[in-house]
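A note on names: the letters A, B, ... follow the listed sequences, proteins ahead of strands, and every chain is numbered from 1. FYI, side chains are in, hydrogens and waters are out, and symmetry mates aren't considered; it's all heavy atoms of this structure.
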Amino acid sequence: MPELPEVETVRRGLDQHLIGRQVERVEVGRLRTVRRTSAAALIDGLSGVTFTGTSRRGKYLLVYLDSGDQLMIHLRMSGRVLLSEPGAVRPPHTHVVLHLSGEPAKELWFVDPRTFGEMVVFDPDNVAVELPELSKLGIDPITDGISRARLAALLAGRGRQIKALLLDQHVIAGIGNIYADEILHRSRISPFRPGSSLTRPEITRLHAAILSILTEAIEAGGSTLSDTQYVDVMGDGGSFQLDHRVYDRAGQRCATCAKADIVRSMIGGRSTSYCPRCQQ
DNA sequence: AAACAAACCTGTGCGC
DNA sequence: TGCGCACAGGTTTGTT
């Protein structure tokens, strides 16, 4: 579900509502959510701490704590973070609840039907051991910024299909299945093309599309699909799904060229939608 | 190096 | 209406 724009939208919501609040109590109802460590580790790491800031690297959401530790939240496929009133009825699959101080007091819910998501408190000075994926993450186009030259260097010598490269979090962090397809369509590049085969103008277009698609999607609050799984911390959906040109539009006329139908195929085990006429 | 499959889970939508 | 299967925004691991 959530890719860079959705995670960034959640981050902004947390930044707005969490900073300065203290955790008074922690409930862990599903051990799988804290599987990297334990319920005790999450409870010990969060109880009594105050939130001081937030950041994001790829799809990894980080909340800074006044203890010096950080809370990492990964939503994976179906995770949601919701801010709510104390005592409110919790949705099914609410696995972690943080009781927050403040006037008025709030609760932060971690809801995740498929349970792929996770929460962990870690020591940033020991990240290589406690959260090794984080230190292996590729460049984040928004948080780090990415130059055209940097992108060109990342593609050089890589013969993998460009769609697979965009999805590889070790190369570029944050792009998922929706935005990879949308970026390639706007770039007018076939998802099957080897990364190393892209011409100079194609790399220029790809670079521009990565930044413009992600920026526009963030401004739209992300993409909320028909199952309304993804919502921000206030429970509101995004609107970038209205701007999708290819994702989940197989069989429909391409809105860009109006002369071909969107085709669906598989790349790296992921459904891939593209316009065979626009994207060569 | 790169492509593919399977694994982790639950829910939904579709064909029959 | 009910059943079974395919498939879903992610990531890791293992096999060709």
Protein-nucleotide distance (A:M77, atom CE; C:dC7, atom C1'), rounded to Å: 9 Å
A:M266 CE - C:dA6 C1' separation (whole Å): 10 Å
Residues touching DNA chain B, which here means a heavy atom under 4.0 Å, drawn from residues 156-168 of chain A: A:R158, A:G159, A:R160, A:Q161
Side-chain touch A:E27/A:R25, heavy atoms, less than 4.5 angstrom: yes
Side chain to side chain, A:R205 and A:R188, heavy atoms closer than 4.5 Å: yes
P atoms of B:dC9 and C:dG2, separation to the nearest Å: 29 Å
Separation of atom CZ in A:R270 from atom P in B:dA5, rounded to whole Å: 14 Å
Gap between atoms NZ and P, on A:K136 and C:dT11 respectively (whole Å): 14 Å
Distance-minimising heavy-atom pair for A:V111 and A:P91: CG2-CG, 4.0 Å
Side-chain heavy atoms of A:L98 within contact of A:F110, under 4.5 Å: no
Could you give the side-chain donor-acceptor pairs of residues 120-130 of chain A under 3.5 Å, partners two or more places apart or in another chain?
{"residue": "A:D123", "atom": "OD1", "partner": "A:D125", "partner atom": "N", "Å": "2.9"}
{"residue": "A:N126", "atom": "ND2", "partner": "A:E130", "partner atom": "OE2", "Å": "3.0"}
{"residue": "A:E130", "atom": "OE1", "partner": "A:D123", "partner atom": "N", "Å": "2.9"}

Nucleotide of C:dT11, C:dG10, B:dT10 approaching A:Q169 most closely (side-chain heavy atoms): C:dT11
d(CD1, A:I267; P, B:dA2) in whole Å: 14 Å
Side chain proximity check, A:I175 to A:I213, heavy atoms < 4.5 angstrom: no
Side-chain N or O of A:H93 closer than 4.0 Å to phosphate OP1/OP2 of B:dG11: yes
Residue A:Y60, side-chain heavy atoms: nucleotide from C:dG10, C:dT11, C:dA8 that is nearest: C:dT11
Using atom types as modelled, flag every donor-acceptor pair under 3.5 Å from a side chain in residues 265-278 of chain A to any protein atom, sequence neighbours excluded.
{"residue": "A:T272", "atom": "OG1", "partner": "A:K163", "partner atom": "NZ", "Å": "2.8"}
{"residue": "A:T272", "atom": "OG1", "partner": "A:R270", "partner atom": "O", "Å": "3.1"}

Whole-Å distance separating the CZ atom of A:R36 from the P atom of B:dC8: 18 Å
Contact summary for A:V10 and A:L75, nearest pair of heavy atoms: CG2-CD1, 4.5 Å
Sugar-phosphate only, base, or nothing, as touched by A:R264 at under 4.0 Å among non-hydrogen atoms: sugar-phosphate
Stretch residues 208-222 of chain A: residues that reach within less than 4.0 Å of DNA chain C through a heavy atom: none
Among C:dG10, B:dG11, C:dA8, the one nearest A:S271 by side-chain distance: C:dA8
Spacing of A:L31 atom CG relative to B:dC8 atom P, expressed in whole Å: 18 Å
Minimum-distance nucleotide to A:K59 side chain [options: C:dT11, B:dC9, C:dT12]: C:dT11
Shortest non-hydrogen contact from A:H185 toward A:C254: NE2-SG, 3.5 Å
Near-parallel close stack of A:F116 and C:dT11 base (under 5.5 Å, under 30°): no
Phosphate OP1/OP2 of B:dA7 contacted by A:R76 side-chain N/O (<4.0 Å): no
A:R114, nearest nucleotide to its side chain (from C:dG10, C:dT12, C:dA8): C:dA8
Closest to the A:Y247 side chain, choosing from B:dC9, C:dA8, C:dG10: C:dA8
Side-chain heavy-atom pair A:P113, A:Q229 within 4.5 angstrom cut-off: yes
Distance below 4.0 Å between A:H74 side-chain N/O and C:dG10 OP1 or OP2: no
Sugar-phosphate only, base, or nothing, as touched by A:G269 at under 4.0 Å among non-hydrogen atoms: nothing
Contact check, side chains of A:L108 and A:L82, non-hydrogen atoms, under 4.5 Å: no
Pairwise P distance for B:dA7 and C:dA6, with rounding to whole Å: 14 Å
Minimum heavy-atom distance between A:T224 and A:G238, given as atom pair plus value: OG1-N, 2.7 Å
5'-to-3' dot-bracket of DNA chain B (Watson-Crick, G-U; under 3.5 angstrom; crossing pairs as [ ]; | other strand): .|||||||.|||||||
Shortest side-chain distance from A:R32, nucleotide among C:dT12, C:dT11, B:dC8: B:dC8
Interatomic distance, A:R80 CZ vs B:dT10 P [rounded to whole Å]: 16 Å
Selection residues 136-160 of chain A - residue pairs positive for salt bridge (charged side-chain N to carboxylate O under 4.0 Å, His left out), sequence neighbours left out: A:R56-A:D140, A:R57-A:D144, A:R160-A:D168
